[in-house]
J.: 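Provided herewith is a single structure, encoded as structure tokens, for subsequent inquiry.
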Amino acid sequence: MTDIALPTVAVVATGGTIAMTIDPVTHAPVPALSGADLVAAAPGLDMLARIAVTEFSNIPSAEMGPDLWPSLTRTIEGLLADPGIAGVVVLHGTDTLDTTAYFLDLTLRSDKPVVVIGAQRNASDPDSDGARNLLGAVRQILTPGAASLGVTVTLNHAINAAREVRKTHTHNVETFHSGETGYLGTIDEDRVVLRRAPLRRQTLPLPERLATVAIVAMYAGADGGQIRHAAESGVDGIVVAALGMGNVNAALLAAIESAIAGGVSVIVATKLENGRALPVYGFPGGGSTLKAAGAVFADDLTPDKARVLALLALPVTRDRDALQAYFDR
Ligand code: GLU
């Protein structure tokens, strides 16, 4: 029996492998379970908290994005405004989990803890990690000091800051890492250990309309055609997934120069896992030539996360230096 004196934690279910089971006909994992099903199946959860479930969606995370993110922010903000709710756990597919977590981190205003989780193994798997991750997230929310950390991504016992985390393994449960910045803390057997707070956080207004932003990769032999196509399609911005410190070839530089001349904001992010994109090299397409062309540098954000920040920052300003300041924070 649930104790009426227990704190209340909200769970917002969006889908993902955590909510999938093996289809008996195709033998492949497909969306099947609701948030309420997952909460009911988590052993011992009712001893920790009362759970208020919101069924937001039941989609693979490849379908999550700008069409749904603003409404997800509003749903969570509405729950956090209830003084009876201690925090929110978001259930999400792991493929784009870090991107959604960053969007929420940039747009939620409440200091209450929000923890985004998923599972690498579906619910039909006898070794599924979903229930364990759900229990860990609720324990984190109920830990003193858990507020004001921003949105975290907490799977497999590790607590990561939304800005810093990325998915690193296709199927291992140990997939979310924060690179050289490290974990914020861990969900240990005896208690939740919080070690540090993220310093690089900011909040942007949720605009009436998000910007439209494409991502185009630099690759060996790239001819700039995809940059030209994106610019001609009328996007507000293009994130370039660049090499190394933020370098492309001469053909991409030429395409980027003409995109910027046409009023498109160009943001240079590195494809690499660690380190910042910086305007250093001076060969045609090197970072300093991209800066001279008017490009913004995305610091250490992944191309996907640079796009998330651009979706929110471009409606505020199209000024290069003002945009750069958002990426420098
Ligand atoms: N591996 C992904 C997951 O764990 C696939 C499905 C998705 O991202 O929604 O959820």
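In each ligand, atom 1 is the first atom listed, and ligand 1 is the first ligand listed. In this chain, numbering begins with 1 at the start of the sequence shown.
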J.: Which atoms of ligand 1 are found less than 4.0 Å from any heavy atom of Gly16?
T.: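 What qualifies from ligand 1 is 9 (O), 10 (O).
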J.: Check Ala119 against ligand 1 and report side chain, backbone, both or neither, counting heavy atoms closer than 4.0 Å.
T.: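 Within the 4.0 Å criterion, Ala119 contacts ligand 1 through backbone atoms alone.
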J.: Is the shortest distance from a Lys or Arg side-chain nitrogen in Asp105 or Arg201 to a carboxylate oxygen in the other one below 4.0 Å?
T.: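 Salt bridge present between Asp105 and Arg201.
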J.: Mind checking whether Asp95 has an N or O less than 3.5 Å away from an N or O of ligand 1?
T.: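 Checking ligand 1 against Asp95, an N or O pair does fall under 3.5 Å apart.
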J.: Give me the one residue out of Thr94, Asn156, Asp125 that meets side-chain hydrogen bond (donor to acceptor under 3.5 Å, both in side chains) with Gln120.
T.: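 For Gln120, the side-chain hydrogen bond (donor to acceptor under 3.5 Å, both in side chains) check succeeds only for Thr94.
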J.: Do the side-chain N and O atoms of Arg318 and Ser265 include a donor-acceptor pair separated by under 3.5 angstrom?
T.: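 Yes, a side-chain donor-acceptor pair sits under 3.5 Å.
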J.: So does Asp299 pair up with Arg276, basic N to acidic O under 4.0 Å?
T.: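 Looking at Arg276 together with Asp299, the answer is yes, because their closest N to O distance falls below 4.0 Å.
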J.: Does a salt bridge link Arg209 with Asp236, judged by any charged N lying under 4.0 Å from a carboxylate O?
T.: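 Judged by the 4.0 Å cut-off on N to carboxylate O distance, Arg209 and Asp236 do form a salt bridge.
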J.: Identify the protein heavy atom lying closest to atom 3 (C) of ligand 1, giving its residue, its atom name and the separation to 0.1 Å.
T.: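 Here the nearest protein heavy atom works out to Thr17 OG1, 2.7 Å.
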J.: Need the ligand 1 atom indices (1-based, order shown) with element for anything under 4.0 Å from a heavy-atom of Pro60.
T.: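 Answer, ordered by atom number: 9 (O).
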J.: If you measure from each heavy atom of Arg121 to ligand 1, is any distance below 4.0 Å?
T.: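 Contact check Arg121 vs ligand 1: negative.
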J.: Report the part of Lys167 (side chain from C-beta onward, or backbone N, CA, C, O) that has a heavy atom under 4.0 Å from ligand 1; answer both or neither where that applies.
T.: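 It is the side chain that touches ligand 1; the backbone stays farther off.
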J.: For atom 9 (O) of ligand 1, grab the closest protein heavy atom and report residue, atom and distance to one decimal in Å.
T.: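 Answer for atom 9 (O) of ligand 1: Ser61 N, 2.5 Å.
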J.: Between OH of Tyr281 and CG of Leu290, what distance do you get to the nearest 0.5 Å?
T.: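 So the gap between those two atoms works out to 13.5 Å.
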J.: Which ligand 1 atoms are under 4.0 Å away from a heavy-atom of Gly93?
T.: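 Listed by number with element: 7 (C), 8 (O), 9 (O), 10 (O).
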J.: Please state which protein non-hydrogen atom is closest to atom 4 (O) of ligand 1 and give its distance, to 0.1 Å?
T.: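 The protein heavy atom lying closest is Thr94 OG1, 2.6 Å.
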J.: Are a donor atom and an acceptor atom from the side chains of Asp95 and Ser61 found within less than 3.5 Å of each other?
T.: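 No donor-acceptor contact under 3.5 Å links the two side chains.
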